[in-house]
Trainee: 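Here's a structure for you.
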Amino acid sequence: RVLEVYTGTVAITGLTLANGEHGITDFNYDGGGGLYVASSVHLTGNDLTIMANEARGDGGGINNLGIMTLTNSLIYSNTTQGNGGGIRNHGVLTLTNIVFSGNTIDNTYTEGCCKGGAGIANAGILRMEDSQLTDNIVVVTGHAAGGGFYNLFAGIANLSRVQLSG
């Protein structure tokens with residue numbers, strides 16, 4: 001994992017989180033190959049690039065359990081065996097002007113079903129606007145849902161001016 005935030009209020013600007021991995025060799029399933037945000041955290045990110053990260057658990061790029069706001073950022077080429085190739089949200093997430101592209105869920109080598117949201121998997125509260133989800137892919141054995149976006153469990157989502165394609 002590239003960055004873990006467990007407590008406090010954090011602001012990040014102009015950072016690239018790349019080539020992180022979590023749980024691949026130690027079978028830890030809490031996810032977040034690039035960034036893990038714990039439930040007690042309030043994180044604001046601007047002009048971030050989250051790329052080429054991998055997680056055995058949910059959230060190949062980011063696993064958010066806290067309160068997170070991202071703007072003007074790129075999330076691409078992340079991979080997970082769980083839900084949310086780009087981001088898995090189980091907290092409160094606000095996204096503005098974000099591009100998700102080429103994120104993947106691949107659990108063809110593991111047991112499981114019902115994986116989804118190669119771009120975003122939401123089980124929390126999500127507000128997304130002026131963003132794009134393109135060419136995000138789910139490759140699973142069993143049931144799959146939502147290559148770009150998957151709203152699961154009791155997730156609440158409000159999407160405005162969001163392009164979903166590929």
Side-chain angles (χ1 to χ4, degrees), residues 1-2 17 20-24 27-39 43 45 48-70 73-166:
R1 185 178 288 156
V2 179
L17 302 176
E21 60 179 46
H22 191 262
I24 303 306
F27 298 97
N28 187 322
Y29 291 94
D30 65 353
L35 173 62
Y36 178 83
V37 179
S39 61
L43 186 138
L48 303 181
T49 300
I50 312 296
M51 60 176 272
N53 299 289
E54 184 177 2
R56 180 175 298 276
D58 294 334
I62 299 171
N63 191 10
N64 177 52
L65 285 76
I67 299 171
M68 185 166 65
T69 301
L70 294 180
S73 296
L74 177 60
I75 299 171
Y76 73 98
S77 296
N78 299 286
T79 303
T80 185
Q81 294 177 15
N83 289 300
I87 295 179
R88 186 269 198 166
N89 178 51
H90 207 283
V92 177
L93 178 60
T94 302
L95 302 172
T96 305
N97 195 29
I98 308 296
V99 175
F100 292 85
S101 184
N103 298 291
T104 306
I105 294 173
D106 185 351
N107 81 336
T108 55
Y109 302 107
T110 61
E111 295 279 332
C113 71
C114 309
K115 303 299 181 193
I120 303 170
N122 179 53
I125 299 172
L126 171 67
R127 178 177 179 191
M128 181 168 48
E129 58 187 27
D130 301 319
S131 296
Q132 301 173 28
L133 293 109
T134 60
D135 300 320
N136 297 286
I137 300 167
V138 178
V139 180
V140 299
T141 53
H143 302 286
F149 177 76
Y150 181 38
N151 200 54
L152 62 155
F153 307 123
I156 298 169
N158 181 347
L159 283 63
S160 178
R161 298 176 306 278
V162 173
Q163 177 187 347
L164 297 160
S165 64

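Note that the numbering runs from 1 along the sequence shown for the chain. FYI, side chains are in, hydrogens and waters are out, and symmetry mates aren't considered; it's all heavy atoms of this structure.
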Trainee: Taking all non-hydrogen atoms of both residues into account, name the closest pair between Met51 and Asn78 and its distance.
Mentor: C-OD1, 3.5 Å

Trainee: Would you say Thr80's side chain and Ala55's backbone share a donor-acceptor pair under 3.5 angstrom?
Mentor: yes

Trainee: Would a distance-only check, ignoring hydrogens and angles, find a side-chain to backbone donor-acceptor pair under 3.5 Å from Arg88 to Leu65?
Mentor: no

Trainee: Let's go through Val99 and Tyr76 carefully: what are the C-alpha distance in whole Å and the side-chain angles of both, what is the deciding distance for side-chain contact (heavy atoms from CB on, under 4.5 Å) to 0.1 Å, and is it a yes or a no?
Mentor: CA-CA 8 Å; Val99 175; Tyr76 73 98; over 6 Å; no

Trainee: Using every non-hydrogen atom in the two residues, find where Ala121 and Gly116 come nearest and quote the distance to one decimal.
Mentor: CB-O, 3.7 Å

Trainee: CG/Leu70 to CG/Leu35 distance, rounded to the nearest 0.5 angstrom?
Mentor: 8.0 Å

Trainee: Please answer whether the main-chain N or O of Ala52 pairs with a side-chain N or O of Ser77 as donor and acceptor at a distance below 3.5 Å.
Mentor: no

Trainee: What is the distance from atom CG of Leu43 to atom CD1 of Ile62, rounded to the nearest 0.5 Å?
Mentor: 8.5 Å

Trainee: Let me confirm one number: the CD-CD distance from Glu21 to Glu54, rounded to the nearest 0.5 Å.
Mentor: 6.0 Å

Trainee: Which distance, rounded to the nearest 0.5 Å, do you find between the CZ of Phe100 and the CD1 of Ile75?
Mentor: 4.0 Å

Trainee: Using a 3.5 Å distance criterion without hydrogens, assess whether the side chain of Ser131 forms a donor-acceptor pair with backbone atoms of Ile98.
Mentor: yes

Trainee: So, taking the atom named CG in Leu95 and the one named CZ in Arg127, what distance separates them when rounded to the nearest 0.5 Å?
Mentor: 11.0 Å

Trainee: First locate atom CD1 of Ile156, then atom CZ of Phe153, and finally report the distance between them rounded to the nearest 0.5 Å.
Mentor: 14.5 Å

Trainee: Checking Phe149 against Val162 for the side-chain contact (heavy atoms from CB on, under 4.5 Å) test, could you report, in this order, the C-alpha distance in whole Å, the side-chain angles of both residues, the deciding distance, and whether it holds?
Mentor: CA-CA 11 Å; Phe149 177 76; Val162 173; over 6 Å; no

Trainee: Would you please test Ile120 and Leu133 for side-chain contact (heavy atoms from CB on, under 4.5 Å) and show each step?
Mentor: CA-CA 9 Å; Ile120 303 170; Leu133 293 109; 4.0 Å; yes

Trainee: What verdict does the side-chain contact (heavy atoms from CB on, under 4.5 Å) test give for Leu17 and Leu48, after you've listed the backbone C-alpha separation in whole Å, the side-chain angles of each residue and the deciding distance to 0.1 Å?
Mentor: CA-CA 8 Å; Leu17 302 176; Leu48 303 181; 5.7 Å; no

Trainee: Donor-acceptor pair, Asn63 side chain versus Gly33 backbone, under 3.5 Å?
Mentor: no

Trainee: Would you check if the side chain of Asn53 reaches a backbone N or O of Gly20 as a donor-acceptor pair within less than 3.5 Å?
Mentor: yes

Trainee: Any donor-acceptor pair under 3.5 Å linking the side chain of Asn64 with the backbone of Ile87?
Mentor: no

Trainee: Check Gly32 against Arg1 and note the closest heavy-atom contact, atom names and distance.
Mentor: O-NE, 3.0 Å

Trainee: Just checking, any donor-acceptor pair under 3.5 angstrom between side chains of Asn103 and Asn136?
Mentor: yes

Trainee: Mark yes or no for whether Asp58, through its side chain, and Asn83, through its backbone, hold a donor-acceptor pair below 3.5 Å.
Mentor: yes

